[in-house]
Amino acid sequence: MRWVMRPRRSRTVCLSVASITLLLHLLLLCISFSSVFQTQPCNSSSSSSSSSSSSLSSSSSVRDVLIYHANDISGLASPPAETMPPDTIKAHRGGRFRDRKSGRRPPVGGEAGGGGMVSASKLRALFSHTLYHLPSPPITEEDWLLKVNPKVQPSEESSLMWVSALQDGYEDVQWNTSSDSHPPWLRFHLGISRWHLYPHPDPNMGPLAQQLATHRIVSAVQKSGGTQMKLVMSFPNYGQAMFKPMKQERDEETNFNLYYFSDFERHNAEIAAFHLDRILGYRRIPPVVGRLVDVVKDIKDVTTDHKLARTFFSSAVGNTCFYGQCSYYCSTEHAVCGRPTTLEGSLAVMLPDLSLATRRTWRSPWRRSYSRSKLAKWETEPDYCSTVKKTAPYDKGTRLVDLIDLAILDFLMSNMDRHHYETFDKFGNDTFLLHLDNGRAFGRHSKDETSILAPLTQCCKIRRSTWLRLRLLVLPHFRLSDVMRESLGQDPLSVATTPLLTEPHLAALDRRLATVLQAVSRCLEEKGGRAGTGGGPGDDEVIYNDVA
């Protein structure tokens, strides 16, 4: 009996093993089929994605070209490849410079934030609008501030005129009468005309901004004059820029107890003022770019200013600091310090030297008293503007509406410190105003100082081109705060965590713009004009027609 049972058990074990093996094979087969069916759509999707990516890349390239030509503000962050040094190619990544070899950005700003170029660019659309391409008077030979003398023959003696006294760090000069040989800062100087500092669009803006943001600094000296410290920095190609260091954090609002003449100058205000000036269509502020500098390598080690050099010291926590010499805020209590040597600031390209292009300084009729107890005449005399209109140079030409343009800019950025303005002497009274020294702007976002608008509200006068652009910037598909956010996002210092202008400041721009438009509407109503499209009998009295 035992002999019979053993074979049966063996057959049962074999059948069980065979069944399990068959089930495992079937399971593996099912898994294989499943993976095949899943792989096919993935491959198809991958192919589609690759094709889409290629298409997007192509579209992006075309878009970048269009951005540069139709919206030259993008040149602040990404100049065209042909204008860059052959050994370094920068690619547009959120409005920053990148090095082709390392793929990293040079040390001129923070990490990429959300403020870079967006797919639906309001800024590009704005600068493509007809109001930013209005026909301008023909520029004659006498309307250029500077010009190259073609009769001067290059010689060994004349080339030495451009060699620094120290000759350390400067490049050999190889310029001629051809503009192709000129460095960006010289092209900027030669592009200044009677009507503006630079044209729109300006293909030189990209290379100029790239120079300000990345070129090596070979000299730094303190600029004389003023209540606060600022430096003149020089580059190897003999270009120069005005450096204003960071005095307070970007998101810090001015103390309410401070008077306007006691406020600190802000580096980010200089940068934002330049962008706002372009958006308004003025083009009267020299190009400004944010930059990080090394206090030791870029200032202390290269300065020939002995007075400045004596003010360097190391703080209690090991940061390198300096304070320079000036009227009010140059002391150890108001020192500028690196972290430990890195310092943030603004760099504005210098205007032509006064020996080449003299400038005249004008006292503003709406200058504040700069006293804690006294008021200025315009604050106490209701008919003050009628007196101004009878006084040269405000009695004819465009000087009055030019000053009102400046008042609108100052009101939008809350700048109360406009005691003087300048013009190029060569052009006499028939020229634009230079909108310089904007460091005390953007101090308070929570308060709108309507007294800054006194030239507009008291004179009831505005350029038609300015009025039309302001009305354009209030529309939802443009909106001043949106185009400012996008424009500032292209500066090298722009980062998402600490933007150059905080959202409350951007919201204040929209609020103040509405106030300006309301002021013009009231003027039109008082004079019998129409606040909408115009055409009323009082329009000519309020609107200075500079648009054909």
Side-chain angles (χ1 to χ4, degrees), residues 212 217 219-233 240-274 285-286 288-293 295 298-300 303 305-313 315 319-339 342-351 359 361 364 367-372 410 413-422 434-444 493 500-501:
L212 293 173
I217 297 167
S219 173
V221 296
Q222 185 171 351
K223 188 178 186 303
S224 60
T227 61
Q228 302 186 37
M229 182 183 58
K230 44 193 175 290
L231 305 177
V232 176
M233 292 183 165
Q240 289 186 323
M242 179 85 72
F243 179 77
K244 287 194 176 182
M246 183 177 74
K247 287 288 188 74
Q248 61 185 44
E249 300 298 329
R250 301 185 198 175
D251 56 352
E252 187 176 348
E253 191 174 10
T254 299
N255 190 310
F256 277 95
N257 293 316
L258 284 180
Y259 288 93
Y260 50 87
F261 50 81
S262 302
D263 197 7
F264 287 117
E265 292 186 350
R266 285 167 286 277
H267 70 296
N268 60 323
E270 293 285 359
I271 301 169
F274 162 66
I285 294 180
V288 186
V289 169
R291 176 165 178 170
L292 295 179
V293 301
V295 174
D298 296 329
I299 302 177
K300 184 179 180 181
T303 187
D305 188 334
H306 300 297
K307 292 181 179 179
L308 175 66
R310 286 196 294 265
T311 66
F312 280 85
F313 66 95
S315 72
N319 294 333
T320 303
C321 307
F322 64 101
Y323 53 86
Q325 292 187 352
C326 58
S327 304
Y328 293 97
Y329 296 103
C330 289
S331 62
T332 53
E333 293 81 7
H334 301 99
V336 174
C337 298
R339 298 180 181 176
T342 303
L343 176 63
E344 185 175 303
S346 65
L347 271 173
V349 64
M350 296 285 286
L351 292 172
R359 300 196 298 269
T361 301
S364 172
R367 179 183 184 271
R368 297 180 183 275
S369 67
Y370 286 82
S371 169
R372 294 177 177 85
D410 283 335
M413 59 187 187
S414 192
N415 179 26
M416 301 173 68
D417 189 37
R418 187 70 66 185
H419 43 84
H420 290 81
Y421 62 87
E422 294 182 40
L434 289 164
H435 299 173
L436 306 176
D437 199 10
N438 305 288
R440 285 192 169 122
F442 295 106
R444 296 175 185 166
L493 284 185
L500 284 166
L501 278 188

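Only this structure's heavy atoms are used, side chains among them; waters, hydrogens and symmetry mates stay out.
Looking at heavy atoms from C-beta onward, Met350 lies in side-chain contact with Met242 at the 4.5 angstrom threshold. Looking at heavy atoms from C-beta onward, Gln248 lies in side-chain contact with Arg266 at the 4.5 angstrom threshold. Residues Arg444 and Met416 form no side-chain contact, since every pair of their non-hydrogen atoms from C-beta on lies 4.5 Å or further apart. Using a 4.5 Å heavy-atom threshold, the side chains of Leu351 and Leu434 count as touching. For the pair Val232/Ser219, no side-chain contact is recorded, criterion being any heavy-atom separation below 4.5 Å from C-beta on. Between Arg418 and Asn438, the closest side-chain pair of non-hydrogen atoms falls below 4.5 Å.
For the atom pair Leu347 CG and His267 NE2, the distance stands at 11.0 Å (nearest 0.5 Å). One distance of note links CD of Gln222 with NZ of Lys307; it measures 9.5 Å at 0.5 Å rounding. Taking OH from Tyr323 and SG from Cys330, the interatomic distance works out to 9.5 Å, rounded to the nearest 0.5 Å.
Arg359 is linked by a salt bridge (Lys or Arg N to Asp or Glu O under 4.0 Å) to Glu422, counting only residues two or more places apart in sequence or in another chain. Applying the ring-ring contact (aromatic ring centres under 6.0 Å, His included) test to Phe312 and every residue at least two apart in sequence or in another chain returns Phe322. Qualifying ring-ring contact (aromatic ring centres under 6.0 Å, His included) partners for His420, counting only residues two or more places apart in sequence or in other chains: none. Taking Arg310 as the reference, nothing meets the salt bridge (Lys or Arg N to Asp or Glu O under 4.0 Å) condition, with sequence neighbours excluded. With sequence neighbours excluded, the residues that form a salt bridge (Lys or Arg N to Asp or Glu O under 4.0 Å) with Asp437 are Lys244. Annotation: salt bridge (Lys or Arg N to Asp or Glu O under 4.0 Å) contacts of Lys230 (sequence neighbours excluded): none.
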- Query: Hey, mind stepping through His435 and Asn415 against side-chain contact (heavy atoms from CB on, under 4.5 Å) and telling me if it holds?
  - Reply: CA-CA 12 Å; His435 299 173; Asn415 179 26; over 6 Å; no
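A donor-acceptor pair under 3.5 Å is formed between the side chain of Thr311 and the backbone N or O of Leu308. When atom types are taken as modelled, the side chain of Glu270 and the backbone of Ser346 share no donor-acceptor pair closer than 3.5 angstrom.
Salt bridge status for Arg339 with Glu249: present, with a side-chain N to carboxylate O gap under 4.0 Å.
Scanning all heavy atoms of the two residues, the minimum distance from Asn319 to Cys337 falls at CB-CB, 4.4 Å.
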